Amino acid sequence: MMTKILLISSMFLGLLLLCQASSADKNIGIYELRKGNFRLKLTNYGATIISLMVPDKHGNVADVVLGYDDIESYKNDTVYFGCVVGRVANRIGGAQFTLDGKTYKLPANDGKNTLHGGTKGYGDVIWTVKTHKEDSHITFTYDSADNEQGFPGKLSVSVTYMIIDNNKLGVKMVAKPIDKATPVNLAQHSYWNLGGHNSGDILSHTIQIYGKGVTPTDKELIPTGEILSVKGTPYDLLEPRAIGAQINENFEGYDINYVLNFNSGNHLSKVATLKDPNSGRKMELWSNQRGVQFYSGTMLKDSEGKGGAIYKQYAGLALETQGFPNSVNIDHFPSQIVRPGETYKHYMVYRFTAS
């Protein structure tokens, strides 16, 4: 254990000491995965990615994930930096849904709606470290109680982060209902800036999203139930486009679910390709999910991050593979209901290159 502690960079020593000193945080730790100069740091608070060091076209490494220096900042976070969100990611309209004839009322933490699992979702709980092998993987587990944040039934959840080959990060999320049917829609909520977390905005990044449709929303960002073609709209990212190309006084940014070109079963499909023209870093995202929320960091406002960095608007972007938002209240959206005896499986692979 002491060997692992010595590997932690000076940036996180204060965080480690804080965790050791506070009895309330005695189960919170910092963990590392590494292979060569590809290095990932995580905490079991929220099953959160703290940093990811990735080489650029010259071999220089930089941290490409936005985040904080200390656990208290993660506890007070309102933008979900790096964590796993659930039991149901994204928004549930009216903070309620009906399942098998019973209506379940949830905490309204986003106006009159529920966002990312409620007032204390999975990004705000301490997960158990089941296994950890520094050159391979780490698995976090969490046993979610019946009626936690209003959701029915006990749910056993696990999230595994793994290094695959060279410069690939795999994420496997699995959830099993124990005693009742329940909605499950987990998402990984890291904010990416391939120039480095402290390098400014992501408006010059080019992005390509492999989805021909989006699920439009009302003024409260609740899907209307429609699926609209991206053709002729700012949401058309079927070909690579600079993120800032469409952003102006009439279009402030992206915060919408894309309907992906989906392969059934557990096969992975390419979701998005992101590239920073300055560093040459490129990230490909693959998943087995039907949707991805592309959020361009529009509402980031002078958040103090790692190493004193100030994250302003568009400092990072999120690509959250997921089921469709508010699917519990829209019958023709793909169902996210999982019943006892069934298993929810959500896979992601992030492939990093540089040229």
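For clarity, every value in this text was computed on a predicted model and none was experimentally measured.
- A side-chain donor from one of Ser279 and Asp276 sits under 3.5 Å from a side-chain acceptor of the other.
- With 3.5 Å as the limit, one finds no donor-acceptor pair spanning the side chains of Asp302 and Tyr311.
- Using bins of under 30°, 30° to 60° and over 60° for the plane-to-plane angle, the ring pair Trp127/Tyr122 lands in the perpendicular bin.
- Side-chain contact between Ile163 and Leu40 is absent, with no heavy atoms from C-beta onward closer than 4.5 Å.
- Side chains of Ser287 and Gln289: a donor-acceptor N/O pair is absent below 3.5 angstrom, by distance only.
- If you check the side chains of Asn109 and Thr119, you find no donor sitting under 3.5 Å from an acceptor.
- By the 30° and 60° cut-offs, the orientation of the rings of Tyr31 relative to His132 is perpendicular.
- Looking at Glu72 and Lys75, a side-chain N of the basic residue comes within less than 4.0 Å of a carboxylate O on the acidic one, giving a salt bridge.
- Between the side chains of Thr206 and Gln208, no donor N or O sits under 3.5 Å from an acceptor N or O.
- In summary, the side chains of Gln322 and Asn257 do present a donor paired with an acceptor at a separation below 3.5 Å, with no hydrogens or angles considered.
- A salt bridge is defined here as a Lys NZ or Arg NE, NH1 or NH2 lying under 4.0 Å from an Asp or Glu carboxylate O, and Asp201 with Lys312 fails to meet this definition.
- Side-chain contact, Thr103 with Thr98: a donor N or O sits under 3.5 Å from an acceptor N or O.
- For the pair His197 and Val65, the tightest heavy-atom approach, listed with the atom from each and the gap, is CB-O, 3.4 Å.
- Within 6.0 Å of CG in Asp218 there are more than 12 heavy atoms belonging to other residues, nucleotides or ligands.
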